[in-house]
Amino acid sequence: MLADVRERIARACARAGRDPGEVRLVAVTKGHDAEAVRAAVLDHGHRVLGESRVQEWRAKAEALGPDVEWHLVGHLQTNKVRYCRGFALLHGVDSARLVDALEADGARHDHVFPVLLQVNVAGERSKHGVDRAGLADLAARVRDAPHVRLEGLMTMAPYDPDPERARPVFRALRGLAERHADGRTSMGMSGDFEVAIEEGATWIRVGSALFATKPADERGAVEVDG
Ligand SMILES: *Cc1c(COP(=O)(O)O)cnc(C)c1O
């Protein structure tokens, strides 16, 4: 529930000596319909929402109206770039090909895409994200693209029931972000956002902890493929 998540954010900030205003909550709504999102999030005064699938977002954005700040939190495919000008932030940019596609679309429409580069910190094969070795080149590519703006780095920690296991991953991302992106990071989900806050997260992406029910559609929870 939102009140509970806000309370947990405040406590984590207090432990870490951080100002809660530095931590932005992205309420991830994937799998929940517009009605459920309204009841669980918007009606409580929170307007920053995240979606991981472009197709699902388009329907929901229409239903919920213009008063929402939308973030794309999942992986983005090159052929979906043309739908993405409505997002305030793209969290999952991880390849030169994608940066080039965003630059081309941005140039065509006089639009600048704010992006986070997704880093596969743990080197998991199943995960999207640029590896650490490729990050400097990708960041340079973004700096050379006038219609793409680097806002920070993003990662997903390997799934583990013990949130402490995510700490080294978050700490490593923070270190990379200090070098490449002014220290700004999107990290932490329902299971581990408090650890992420302690490690300096500037955006956290929280879904299931906000909703009383499971999403109607649990399939492909992490990937954008539709
Ligand atoms: C679904 C999702 C989240 C939110 O996950 P929860 O565990 O439900 O909080 C965060 N980030 C990404 C990329 C996601 O796909």
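Note: hydrogens, waters and symmetry copies are ignored here, and every other heavy atom, side chains too, is used. All values derive from a computational prediction rather than experimental measurement. As the structure lists them, so they are numbered: ligands from 1, and atoms in each ligand from 1.
Near Val206, with a cut-off below 4.0 Å to any heavy atom, the atoms of ligand 1 are 9 (O). Atoms of ligand 1 lying under 4.0 Å from at least one heavy atom of Met156, given by number and element, are 13 (C). The ligand atoms of ligand 1 that sit less than 4.0 angstrom from a heavy atom of Arg205 are 4 (C), 9 (O), 10 (C), 11 (N), 12 (C), 13 (C). The distance from ligand 1 to the heavy atoms of Ser208 drops below 4.0 Å at these ligand atoms: 6 (P), 7 (O), 8 (O), 9 (O).
Listed by first and then second residue, the salt bridge (Lys or Arg N to Asp or Glu O under 4.0 Å) pairs that reach into residues 144-163 are Arg149-Glu151, Glu151-Arg184, Asp160-Arg165, sequence neighbours excluded.
When Ala27, Ser190, Gly31, Gly191 are checked for heavy-atom proximity to atom 9 (O) of ligand 1, Ser190 turns out nearest. For the residues Val28, Thr29, Ile204, Val73, the heavy atom positioned nearest atom 13 (C) of ligand 1 is part of Val73.
Aromatic ring centres of Trp57 and Phe87 lie closer together than 6.0 Å.
Connection of Tyr83 to Val112 is not established within any shared hydrophobic cluster, with ILVMFWY side chains joined at heavy-atom distances below 4.5 Å, either directly or through further cluster members.
Contacts with ligand 1 closer than 4.0 Å are made by no heavy atom of His91, backbone or side chain.
Remark: ligand 1 and Gly207 share an N or O pair separated by less than 3.5 Å (distance only, no angle test). Considering backbone and side-chain N/O of Lys30, one or more are found under 3.5 Å from N/O of ligand 1.
In this structure the side chain of Val48 never reaches within 4.5 angstrom of the side chain of Leu25, judged on heavy atoms. The shortest side-chain heavy-atom distance between Glu69 and Arg47 does not fall under the 4.5 Å cut-off.
The two residues Ile197 and Arg18 come nearest to each other via the heavy atoms O-NH1, 3.0 Å.
Residues that satisfy the ring-ring contact (aromatic ring centres under 6.0 Å, His included) test with Phe113, not counting sequence neighbours, are His111.
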